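The structure appears right after this line, and notes come after that.
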Number of protein chains: 4
Amino acid sequence: MRKKGSNGQESRARLLEAAAQEFARSGYHETKISTIVSRAGLTQPSFYLYFQSKEAIFEELMELFEIQFKEMGRHSREEPDDPDNVGQEGNRREASEGQMYRELAGLFGFLGKNQDLTQIGFFTGTQSAALKRRLMSAIHSDFAAKQQNGHFRHDADMEIAAECLLGTIECLTREQLLTGKRPPEELAQEVVRLYLLGLMA
Amino acid sequence: MRKKGSNGQESRARLLEAAAQEFARSGYHETKISTIVSRAGLTQPSFYLYFQSKEAIFEELMELFEIQFKEMGRHSREEPDDPDNVGQEGNRREASEGQMYRELAGLFGFLGKNQDLTQIGFFTGTQSAALKRRLMSAIHSDFAAKQQNGHFRHDADMEIAAECLLGTIECLTREQLLTGKRPPEELAQEVVRLYLLGLMA
Amino acid sequence: MRKKGSNGQESRARLLEAAAQEFARSGYHETKISTIVSRAGLTQPSFYLYFQSKEAIFEELMELFEIQFKEMGRHSREEPDDPDNVGQEGNRREASEGQMYRELAGLFGFLGKNQDLTQIGFFTGTQSAALKRRLMSAIHSDFAAKQQNGHFRHDADMEIAAECLLGTIECLTREQLLTGKRPPEELAQEVVRLYLLGLMA
Amino acid sequence: MRKKGSNGQESRARLLEAAAQEFARSGYHETKISTIVSRAGLTQPSFYLYFQSKEAIFEELMELFEIQFKEMGRHSREEPDDPDNVGQEGNRREASEGQMYRELAGLFGFLGKNQDLTQIGFFTGTQSAALKRRLMSAIHSDFAAKQQNGHFRHDADMEIAAECLLGTIECLTREQLLTGKRPPEELAQEVVRLYLLGLMA
DNA sequence: TATGAATGAGATTTCATTCAT
DNA sequence: GATGAATGAAATCTCATTCAT
C-alpha cells in the first residue's frame with residue numbers, strides 16, 4: 001500500500017527543496033547528503049533513486065536558477081517600453097531612467113523571490129561566474145549603446161561602469177534583499193538615480 | 001653546511017605561502033594539508049610543527065590580511081590632504097574627487113598587491129563579512145558627512161550608496177584587479193567619476 | 001533472504017562483544033578499532049554506525065558493568081537471611097559467617113560470570129576506582145555495625161579491615177576467579193573463615 | 001663550553017626521574033616522550049642518547065624497582081629474629097606476630113619510600129604480575145611452613161591465604177600508603193592482627 | 001653533549017555511495 | 001518506491017624516532 005503523497009515526484013521535489021535550503025545556508029561542502037534526506041523525510045539510498053550524486057543535485061539547482069534567470073531576462077526584454085515616453089526631447093533622461101528602473105526592479109524582484117536558488121546560483125555555484133559575466137556583458141552592451149546615442153557621457157568607460165553596476169547588484173542582493181532589509185523597488189530606484197546622476201549635489 | 005631551506009622560519013613561511021595560494025585558488029575545504037605540504041617541500045607531520053591545525057593556518061592568513069588591511073587604513077587616513085585645494089569655491093568638487101580618489105586608489109593598490117591574501121580575507125574567509133561590514137560603515141559615515149556638508153545630494157540614501165560602492169569595489173577587485181586587467185589607479189579614477197557624476201551625459 | 005548477521009542489533013552486539021574481549025585483554029590504548037571491527041566481521045566505518053567513538057563504546061561497557069553490578073548488589077540485599085539461624089545464642093558466629101559467605105559468594109559469582117566486563121569495569125576502567133570506593137564504603141559500614149553489636153573485635157580498625165577485604169577480593173578475582181583456578185564458593189568460604197577467625201591455630 | 005652540571009649522567013638521571021613521575025601519574029601509553037624530555041629540560045633527540053626507546057626507559061624503571069625490591073627482601077630475611085622470643089611456649093603467637101609485623105612493616109616502608117617506582121613496578125608495569133607472583137609464592141611458603149609447625153590452622157588453604165594477603169598489601173599500598181593516609185607501621189600492625197586473629201570478638 | 005628540523009607509520013573518523021531486500 | 005546495513009576512499013592528526021649539524 002502506498003503511503004499517501006509518497007510518490008516519486010513528490011519525494012524528488014522535497015529533496016530538491018531541502019537541498020536548496022541546505023546548500024544556500026551552508027554551501028556545497030558543509031552540506032551533507034544525510035542532512036538533505038533527513039530534511040526530506042527520506043533515507044540516504046532513496047536520494048540515489050532521484051539523483052546520481054551530490055554534485056548532480058547541486059548542478060540541477062544551478063540549472064534551475066539559470067533557466068528561470070534567462071526566462072526572466074526574456075520577459076523583461078519583451079516588455080514593451082512605454083510608447084508615450086519616446087521621442088520627446090525633455091524626456092530623454094526620464095526614458096533612460098524608466099527603462100533602467102524597470103529592468104533593475106525586475107531583476108531584484110526575481111532574485112528576491114527564490115532566495116535559496118539565488119544564493120546558490122548567484123553566489124555559491126561554480127557557474128555563477130559565467131552567469132554574472134553574461135549579465136555584465138548585457139549591461140555593457142546596453143550602456144555602450146546609450147553612450148553611442150549620446151545619452152551617457154563619452155569620457156566614461158562603459159565596461160568598468162557595467163562591472164560596477166554588477167557588483168552593486170550583487171552586494172545589494174546579498175546585504176539588503178536577501179536579508180529583507182529593503183524591497184526590490186526601493187533598491188532599483190536608488191541604484192538608478194545613483195548611476196545616472198551621481199552623488200554630487 | 002645547512003641544507004637549503006632546513007630552517008624553521010623558512011619552512012613556516014613556505015607553508016604559509018603555499019597555504020595562501022591553495023586556499024585562494026580552491027577554498028578552505030578543497031584545500032588539503034597534503035597539497036600544502038607538498039608544495040612547501042615537506043611532509044605532513046612537519047605541518048604540525050608550525051601550525052596546530054588546518055583551521056589555525058587559515059585563521060593566521062585571515063588575521064594577516066586583517067592586520068595589513070587595518071594598517072593600510074591607518075596610513076591612508078594619516079596622509080594629509082593637499083592643502084592647496086581647501087576652501088576655494090570652485091574646487092569643492094575637485095577636493096571631494098581628490099580625497100575619494102586617493103582612498104580608492106590606496107585600497108585597490110593594497111588589494112592588488114597580495115592577491116592570495118585578498119582572495120582569502122576579502123572573499124573566502126569567515127571574517128570577510130565582518131570586515132566588509134566595517135568597511136561599509138566607514139564609507140557610510142564618510143558619505144553621510146558629505147551629505148551634511150551639502151556636497152552630496154540630499155535625496156539619496158547614503159546607506160544604499162555605501163553598499164553600492166562596496167559591491168563595486170568587490171566586483172572590480174575580483175574581475176579587473178585580481179585578473180590584472182586594469183591597474184588600481186584607473187579603477188579608482190573611473191569609480192570616483194561614476195559615483196560623483198553619474199553616467200548621464 | 002537476509003544475509004546472516006546482517007542485522008543491526010546483532011552487529012552492534014558483536015561489536016560490543018569483540019570490544020569487551022579486546023579491551024579486557026589489551027587495555028584501552030592497545031585496543032584498535034580495526035581489531036574490534038575485524039573480530040566482529042565488519043569494516044571500520046560500520047563501527048561508527050553504532051558507536052560515536054572508541055571512547056563511547058568503552059564507556060558503554062563500563063556502564064554495562066556498573067548497572068549489572070548494582071543490580072547484583074540489590075538482589076543480594078533483598079535475599080532473606082536464613083530464618084533458622086536467627087536469634088540462637090550459639091549461632092551468632094554462624095549467622096555472621098552465613099551472611100558474609102552469601103554476599104561474597106554472590107559477588108564472586110557475579111564477577112566470575114562475565115569475565116571481560118569484570119576486567120574492564122573492575123580493573124581497567126576509569127570509573128573502577130569510584131566503584132571500588134563505594135564497595136569499600138559498604139563493607140566498612142557493615143563491619144562497623146558488627147563492631148558496634150559486639151560481633152567484631154573492638155581493637156581493630158574497621159576502615160583498614162574493609163580495605164583489606166577489598167584488596168583480597170580484587171586479587172582473588174584476578175588470580176583465581178578469572179583464571180578459573182577456583183570456583184566462587186570456595187573462595188568465599190576461605191575468605192570468610194580467614195577474616196572471621198584468622199590464621200592462628 | 002660545557003654548561004655546569006650538564007654532563008651526561010645528570011641528564012640521564014633527570015630523564016629517569018621525569019619518566020618515573022610521568023609513567024606513575026599517567027601510565028605507559030598516556031606518557032609522551034615530549035613530556036618527559038621537557039620535564040627534564042632537554043629535547044627529544046637527547047632522549048635517544050641515553051635510552052633506546054620509550055619501552056627501554058620504562059623497562060629500566062621496572063628493573064630498578066625489581067632490584068631494589070629484591071634487595072629489600074634480602075635485608076629483611078637477613079635480619080635476625082629476636083632470640084629472646086624463641087622457644088618459649090606462651091610466646092608462640094607473639095613470635096609469629098613479631099616476624100610478620102617486621103616483614104610487613106619493612107615491605108610497606110619500602111613501597112612507601114619511592115612512590116613513583118612503586119606505582120610503576122607494582123601496579124603499572126608488565127612485570128608486576130610476575131613480581132607479585134613471586135611475592136605470593138614467598139608468602140605461601142612461609143604460611144605453609146607455619147601450618148606445618150602447627151602455628152596456623154590446618155583447615156585453611158594457605159595458597160588462598162597468601163593470595164588474600166597479597167591483595168590486601170596491594171590495596172592498602174594504593175589507597176592508604178601512596179595517598180599518605182596511614183604510615184607503614186600502622187598498616188602492618190593492623191594487617192598482622194587481622195590475619196592472625198580474625199575479626200570475631 | 002645537545003638540538004632544530006624532519007619524517008614513517010599508523011590511528012581515528014567522516015562521508016558519499018552501494019548492496020540486498 | 002523505499003530502506004537497513006555496509007563500505008571504499010580519503011582526510012586530519014599524533015607520536016616515537018632519526019638526520020644533520
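Treat the numbers as computed from the prediction; the structure is a model and nothing was measured. All chains are named by letter (A, B, ...) in the order of the sequence lines, taking the proteins before the strands, and each is independently numbered beginning at 1.
The side chain of C:Ser53 lies closest to E:dT13 when the candidates are F:dC13, E:dT13, E:dA6. Distance from the side chain of D:Ser46 is smallest for E:dT3 among the nucleotides F:dC13, E:dT3, E:dA16. The side chain of C:Lys32 has E:dA11 as its nearest neighbour among F:dC13, F:dC15, E:dA11. Closest to the A:Pro45 side chain, of the nucleotides F:dG4, E:dT13, E:dT3, is F:dG4.
Residue A:Tyr50 has a polar side-chain atom (N or O) positioned under 4.0 Å from OP1 or OP2 of F:dA2. In terms of phosphate contacts, A:Ser11 brings a side-chain nitrogen or oxygen within less than 4.0 Å of OP1 or OP2 of F:dA2. In this structure, B:Tyr48 does not reach the F:dT14 phosphate: none of its side-chain N or O atoms is under 4.0 Å from OP1 or OP2.
Counting all heavy atoms, side chain and backbone alike, B:Asp116 lies closest to B:Ala20 at CB-O, 3.8 Å.
E:dA2 and F:dT21 make up a base pair, with Watson-Crick or G-U wobble contacts both under 3.5 Å. F:dA9: Watson-Crick or G-U partner is E:dT14, with both key distances under 3.5 Å.
In this structure, the CD atom of A:Gln9 is 15 Å from the C1' atom of F:dA2, given to the nearest Å. The nearest whole Å value for the distance from the CZ atom in D:Phe51 to the P atom in F:dA16 is 15 Å. B:Gln52 places its CD atom 10 Å from the P atom of F:dC13, with the value rounded to the nearest Å. At whole-Å resolution of the value, CG in C:Asn7 and C1' in F:dT3 are 14 Å apart. Going from atom CG of B:Leu42 over to atom P of E:dA6 covers 5 Å, rounded to whole Å. Note: CD1 (C:Ile36) to C1' (E:dA11) measures 12 Å, nearest angstrom. With rounding to whole Å, C:His29 atom NE2 is found 10 Å from F:dC15 atom P. In this structure, B:Glu55 places its CD atom 14 Å from C1' of F:dC13, rounding to the nearest Å.
Within 4.0 Å of C:Thr35, counting heavy atoms only, lies no atom of the nucleic acid at all. Base contact: D:Leu49 has a heavy atom under 4.0 Å from a base atom.
B:Tyr50 is not listed as a side-chain neighbour of B:Leu16, based on a closest heavy-atom distance of 4.5 Å or more.
Taking the ring axis of B:Tyr28 as reference, the NZ or CZ atom of B:Lys54 stays within 45° of it and closer than 6.0 Å to the ring centre.
Salt bridge status for B:Lys132 with A:Glu175: absent, with no side-chain N to carboxylate O gap under 4.0 Å.
If C:Ser34 and D:Thr43 are placed on DNA chain E by their nearest nucleotide, the residue sitting closer to the 5' end is D:Thr43.
Aromatic rings of D:Phe110 and D:Phe65 (six-membered ring for Trp) have centroids within the 6.0 Å cut-off, being under it.
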